[in-house]
Amino acid sequence: MNSSSLRAVEITPENVRAAIKVRVREDQNTFVAPVVHSLAEAYASRETAWPRLILDGDRPVAFVMADFDPDEDEPDHRCGIWRLNVAEGEQGKGYGGFAVETVLAEARRRGQKRVTVSWVPGEGSPEDFYLRLGFRKTGRVDEGEVVGEFLLD
């Protein structure tokens, strides 16, 4: 991975098919919805959803979707990562960390102080990944998912 060749781009008619082709390993399908599902949610929540395709040069390597809804009643849902899909064969190369950093940067740009993420617990879950990046468990569980938070400075 050459970090200077990494970028997060908006989903457009020109790259939507490439985004949909970003698929996680088979054993991870129980932990994250496919990109096509995320894009349907983004369309339904277009006022608040923030979907991005992560490219290494011109090669799609990951997909991330955040939600920015400061008026949401539930604090855990005001600013958070909804999805992170790193393509099979591209994991462990820093693309997931880059995707999370793009969300944190956008949250800072929007004046947010806290970013949440939730994950399904269990063997193979992304829990260790998020904890390594600086998220901490809040002690809350939302619809069976552990809620983590990252406090922005």
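Sequential numbering from 1 along the given sequence is applied to the chain's residues. Quick caveat, the model's predicted, so the values are computed rather than measured.
- Checked by atom type and distance alone, the side chain of Arg46 pairs as donor or acceptor with a backbone atom of Tyr43 at under 3.5 Å.
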What's the verdict on side-chain contact (heavy atoms from CB on, under 4.5 Å) for Glu72 and Arg78, showing C-alpha distance, side-chain angles and the deciding distance? CA-CA 5 Å; Glu72 166 63 44; Arg78 290 182 187 151; 3.9 Å; yes
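- Residue Phe31 is found in a hydrophobic cluster whose other members, listed by chain and number, are Val120; membership requires side-chain heavy atoms under 4.5 Å apart, directly or through intermediates.
- The two atoms that bring Trp119 and Glu127 nearest to each other are NE1-OE1, 3.0 Å, heavy atoms only.
- Residues passing the side chain to side chain donor-acceptor pair (under 3.5 Å) test with Arg59 are Glu90, Tyr95, sequence neighbours excluded.
- Judged by distance alone, the side chain of Arg7 and the main-chain N or O of Asp56 form no donor-acceptor pair under 3.5 Å.
- Under the rule for a side chain to side chain donor-acceptor pair (under 3.5 Å), the partners of Thr48 that lie at least two apart in sequence or sit in another chain are Asp67.
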Working note: Phe98 + Val61, criterion side-chain contact (heavy atoms from CB on, under 4.5 Å); need CA distance, chi angles, decisive distance, verdict. CA-CA 11 Å; Phe98 175 83; Val61 294; over 6 Å; no
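- Closest non-hydrogen pair, Asp58 versus Pro60, comes out as O-CD, 3.5 Å.
- Hydrophobic cluster of Met65: the remaining members, joined at side-chain heavy-atom separations below 4.5 Å, are Val9, Ile11, Val16, Ile20, Val22, Val35, Val36, Leu39, Leu53, Leu55, Phe63, Trp82, listed by chain and number.
- Taking Glu145 as the reference, Ser118 meet the side chain to side chain donor-acceptor pair (under 3.5 Å) condition, with sequence neighbours excluded.
- Contact detail for Phe135 and Val115: the closest heavy-atom pair is CE2-O, 3.6 Å.
- Every side chain to side chain donor-acceptor pair (under 3.5 Å) that Ser38 has, sequence neighbours left out, goes to Arg83.
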Take Asp142 and Asp76 through the test side-chain contact (heavy atoms from CB on, under 4.5 Å) and record every step on the way to the result. CA-CA 9 Å; Asp142 184 12; Asp76 288 343; 5.5 Å; no
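- Of all heavy-atom pairs spanning Glu10 and Asn15, the tightest one is O-ND2, 2.9 Å.
- Closest of all the heavy-atom pairs between Thr138 and Gly148 is CG2-C, 4.1 Å.
- Closest non-hydrogen pair, Leu131 versus Arg136, comes out as CD2-CA, 4.1 Å.
- Here the CZ-OG1 distance, from Arg140 to Thr116, works out to 8.5 Å after rounding to the nearest 0.5 Å.
- Cluster annotation: Val64 is connected to Phe150 through the hydrophobic network of ILVMFWY side chains, with a link wherever side-chain heavy atoms come within less than 4.5 Å.
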